[in-house]
Colleague: 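I have a structure I would like to understand better, so I am pasting it below and will then ask my questions one at a time.
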Amino acid sequence: MAYRTVLVVLFDGVQSLDVTGPVEVFTGADTYTGEPGETYRIRTASLDGAPVRTSSGLTLVPDHALAEAPAPHTLLVPGGQGTRGPDPRLIDWLREHGPRADRLVSVCTGAILLAEAGLLDGRRVTTHWAYCDRLARDHPAIEVDPDPIYVRDGRVATSAGVTAGIDLALALVEEDLGRDAALSVARYLVVFLRRPGNQAQFSAQLSAQTARREPLREVQHWITEHPGDDLCVESLAARARLSPRHFARAFQSETGMTPGRYVDTVRLEHARRLLEDTTDGVEQIARASGYGTPEAMRRAFVRTLGSAPAEYRRRFRPAPAREVGTGPHPPR
C-alpha cells in the first residue's frame with residue numbers, strides 16, 4: 001500500500017488539539033493496518049524549522065522547516081490564536097504550495113490562513129462558529145457555511161472547532177482505507193464515528209440561548225427531557241403559566257429560537273442518539289422522539305440531514321467493538 005504524506009503546518013499560537021487530534025487519527029490508522037509509516041507518514045513543519053509555542057503554552061518541535069518539507073498528499077493547516085496575525089511568509093508558502101497538495105485540509109481557524117492565501121476562493125467552507133462572520137466579511141469570494149462541523153468541496157476540506165478536526169480526519173481515513181479502519185480508530189480513541197459533516201456545530205441547548213426567566217428555562221429543560229410529549233405552544237405556555245401569544249414571543253426573545261424550531265431541533269437530536277446508540281426500531285424511535293409516525297421522522301431527517309433514518313443509522317452507528325487482541329491487526 002502506498003503511503004500518504006500528511007504535512008501539518010506549525011506556527012506560534014497554534015491550537016495544540018488542532019494538531020494532535022488529527023495526527024492521532026492518522027497514526028491510529030497505521031496501527032489498524034499493521035503497517036506503521038506505510039499508510040500515513042506524518043510530518044510537521046514550521047517556517048524556519050524552529051520549535052513553536054502553542055496557545056496553551058506547550059512547545060512543539062517540528063520535523064522540518066517548511067522550505068525543506070516533503071511534498072504532501074494531505075496538507076493540514078490547524079487553527080489557533082496565531083491565525084490572527086500570521087507571518088506573511090507563511091501565507092506566501094501556502095499560496096505557492098497549497099495548490100500542489102492532493103488534499104487541502106484546515107481545522108478551526110486554519111481556514112483563515114488558507115483564505116489569506118487565496119486557496120478558498122469560490123469554495124464552500126466552514127470554520128469555528130465565532131469566526132464565520134469575519135471570514136465571510138473579509139473574503140467575499142468564499143461561501144462560508146457556519147452550521148456544519150466540516151465541509152468537503154472537491155480537494156478542499158474545512159472543519160469547525162477542535163473536536164471537529166477529529167471528525168474530519170476520521171472521514172478522510174474512511175475515504176482512504178474504508179469504514180472498518182475508521183471505526184477501529186474511533187473505538188480506540190474512545191470517540192465515535194457518528195457525526196456527519198452536516199451536523200450542526202451546536203446542539204439545540206447550545207445554539208439556543210438560555211432563557212433569563214425561570215419559567216422559560218424550566219420549559220427548555222422540559223422539552224429536552226420529554227421530546228415525546230405534547231409540545232405544542234399551548235401546552236408549553238400552560239407549563240410556563242403564560243398565554244400562548246406571550247409565551248411564544250418571550251421564548252423567541254430570550255432564546256433566539258421560536259418554540260417550534262427548538263422542539264424540532266431537540267426531537268431530531270433525540271432521534272439521532274437513539275439511532276446511534278440503540279437497536280430500537282424506527283417506528284419505536286419515531287414515537288419516543290415525538291414524531292408520531294416513521295414518515296414524519298423520515299421527512300425531518302431528509303430535510304435537515306439529507307438522509308433517511310435507516311440510512312443515517314447505517315452510516316453513523318458504530319459497529320460492535322471486537323474483543324481487544326482479536327482480529328488480524330490488534331492495537332499495539
Side-chain angles (χ1 to χ4, degrees), residues 3-11 14-30 39-46 60 62-63 66 69-80 82-83 86 90-91 93-128 131-132 135 139 142-145 148-177 181-182 185-186 191 193 195-198 201:
Y3 67 83
R4 300 169 176 85
T5 297
V6 179
L7 179 62
V8 183
V9 176
L10 302 182
F11 48 86
V14 70
Q15 163 66 255
S16 57
L17 281 176
D18 287 4
V19 176
T20 59
V23 165
E24 290 292 345
V25 170
F26 290 122
T27 302
D30 271 351
T39 305
Y40 295 104
R41 291 191 179 176
I42 314 299
R43 297 292 183 266
T44 58
S46 65
L60 301 179
D63 299 309
L66 281 173
H73 170 275
T74 299
L75 178 60
L76 191 149
V77 182
T83 63
L90 176 58
I91 302 303
W93 187 92
L94 289 172
R95 185 179 296 114
E96 179 181 354
H97 294 270
R100 304 176 188 175
D102 291 89
R103 202 157 54 193
L104 195 57
V105 177
S106 69
V107 181
C108 197
T109 53
I112 293 175
L113 300 182
L114 296 183
E116 291 289 337
L119 299 172
L120 300 183
D121 288 355
R123 302 278 187 178
R124 174 173 168 262
V125 307
T126 194
T127 187
H128 189 286
Y131 292 88
C132 284
L135 184 62
H139 301 278
I142 300 172
E143 179 187 351
V144 181
D145 190 338
I149 57 173
Y150 62 83
V151 170
R152 294 293 302 276
D153 188 340
R155 56 184 283 274
V156 176
T158 53
S159 64
V162 288
T163 59
I166 295 175
D167 292 291
L168 177 53
L170 286 167
L172 297 178
V173 167
E174 182 174 3
E175 176 184 302
D176 294 340
L177 305 176
V185 174
V191 297
L193 184 67
R195 298 206 294 175
N198 60 356
Q201 293 191 31

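Side chains included, hydrogens not; waters and symmetry mates left out as well; all remaining heavy atoms used.
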Colleague: Distance check, rounded to the nearest 0.5 Å: Leu10 atom CG versus Asp18 atom CG?
Modeller: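 Interatomic distance, Leu10 CG to Asp18 CG, rounded to 0.5 Å: 11.0 Å.
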Colleague: Could you report the tightest heavy-atom contact between Val14 and Pro78, atom names first, then the distance?
Modeller: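 Looking at all heavy atoms of both residues, the shortest contact is CG2-CG, 3.4 Å.
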Colleague: Checking side-chain contact (heavy atoms from CB on, under 4.5 Å) against Val125, which of Leu135, Val151, Asp153, Leu114 comes through?
Modeller: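 Result for side-chain contact (heavy atoms from CB on, under 4.5 Å) with Val125: Leu135.
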Colleague: First locate atom CG of Leu120, then atom CG of Leu104, and finally report the distance between them rounded to the nearest 0.5 Å.
Modeller: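 Going from CG on Leu120 over to CG on Leu104, the span is 7.0 Å.
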Colleague: To the nearest 0.5 Å, what is the distance between CZ on Arg43 and CG on Leu7?
Modeller: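 So the CZ of Arg43 and the CG of Leu7 are separated by 9.5 Å.
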Colleague: Could you check Val185 against Leu170 for side-chain contact (heavy atoms from CB on, under 4.5 Å), going step by step and ending with a plain yes or no?
Modeller: CA-CA 8 Å; Val185 174; Leu170 286 167; 3.9 Å; yes
Colleague: Give me the atom names and distance for the closest heavy-atom approach of Ile142 to Ala115.
Modeller: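 Looking at all heavy atoms of both residues, the closest pair is CD1-CB, 3.6 Å.
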Colleague: For Thr109 and Gly80, indicate whether the former's side chain and the latter's backbone hold a donor-acceptor pair under 3.5 Å.
Modeller: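 A pair under 3.5 Å: yes.
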Colleague: Any idea which heavy atoms bring Pro148 and Ala160 closest together, and the distance?
Modeller: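 Taking Pro148 first and Ala160 second, the nearest heavy atoms are O-CB, 4.1 Å.
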Colleague: Which heavy-atom pair separates Ser106 from Leu168 by the least distance, and what is that distance?
Modeller: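 Closest heavy-atom pair between Ser106 and Leu168: O-CD2, 4.1 Å.
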Colleague: For the pair Asp30 and Tyr3, evaluate side-chain contact (heavy atoms from CB on, under 4.5 Å) and give the outcome as yes or no after the intermediate values.
Modeller: CA-CA 10 Å; Asp30 271 351; Tyr3 67 83; over 6 Å; no
Colleague: A side-chain contact here means heavy atoms from C-beta on lying under 4.5 Å apart; do Pro99 and Leu119 qualify?
Modeller: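 Result yes, sub-4.5 Å side-chain heavy-atom pair found.
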Colleague: If you round to the nearest 0.5 Å, how far is OG of Ser16 from CG of Leu60?
Modeller: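 One gets 7.0 Å once the value is rounded to the nearest 0.5 Å.
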Colleague: Okay, side chain of Thr158, backbone of Arg152: is any donor-acceptor separation there less than 3.5 Å?
Modeller: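 No, Thr158 side chain to Arg152 backbone: no donor-acceptor pair under 3.5 Å.
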Colleague: Name the residue from Arg155, Arg4, His73 that meets the side-chain contact (heavy atoms from CB on, under 4.5 Å) definition with Asp102.
Modeller: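 With Asp102 as partner, side-chain contact (heavy atoms from CB on, under 4.5 Å) holds for just one option, His73.
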Colleague: What closest approach, in Å, do Tyr40 and Ala29 show between heavy atoms, and which atom pair accounts for it?
Modeller: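 Looking at all heavy atoms of both residues, the shortest contact is CE1-CB, 3.6 Å.
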Colleague: With distance as the sole test, does Thr127 use its side chain to make a donor-acceptor pair with the main-chain N or O of Cys108 at under 3.5 Å?
Modeller: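 Pair found, side chain donor or acceptor close to backbone of Cys108.
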Colleague: Are Thr126 and Asp145 close enough that a side-chain donor and a side-chain acceptor fall under 3.5 Å?
Modeller: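 No, Asp145 and Thr126 have no side-chain donor paired with an acceptor closer than 3.5 Å.
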Colleague: Could you label the plane-to-plane angle of the His97 and Trp93 rings as parallel, tilted or perpendicular, counting under 30° as parallel and over 60° as perpendicular?
Modeller: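 Rings of His97 and Trp93: parallel, under 30°.
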Colleague: Decide yes or no on side-chain contact (heavy atoms from CB on, under 4.5 Å) for Phe26 and Thr39, but give the supporting numbers first.
Modeller: CA-CA 8 Å; Phe26 290 122; Thr39 305; over 6 Å; no
Colleague: Decide, yes or no, whether a salt bridge links Asp176 with Arg103 under the criterion of side-chain N to carboxylate O below 4.0 Å.
Modeller: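 Answer for the salt bridge query: yes.
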Colleague: Measure the CD-CG distance between Glu116 and Leu90 for me, rounded to the nearest 0.5 Å.
Modeller: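 It comes to 10.5 Å.
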Colleague: Where is the tightest heavy-atom contact between Pro62 and Ala45, given as atom of each residue plus distance?
Modeller: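 Heavy-atom minimum between the residues: CB-CA, 3.9 Å.
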Colleague: Working to the nearest 0.5 Å, report the span between OH of Tyr150 and CD1 of Ile166.
Modeller: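 Reported value, rounded in 0.5 Å steps: 13.0 Å.
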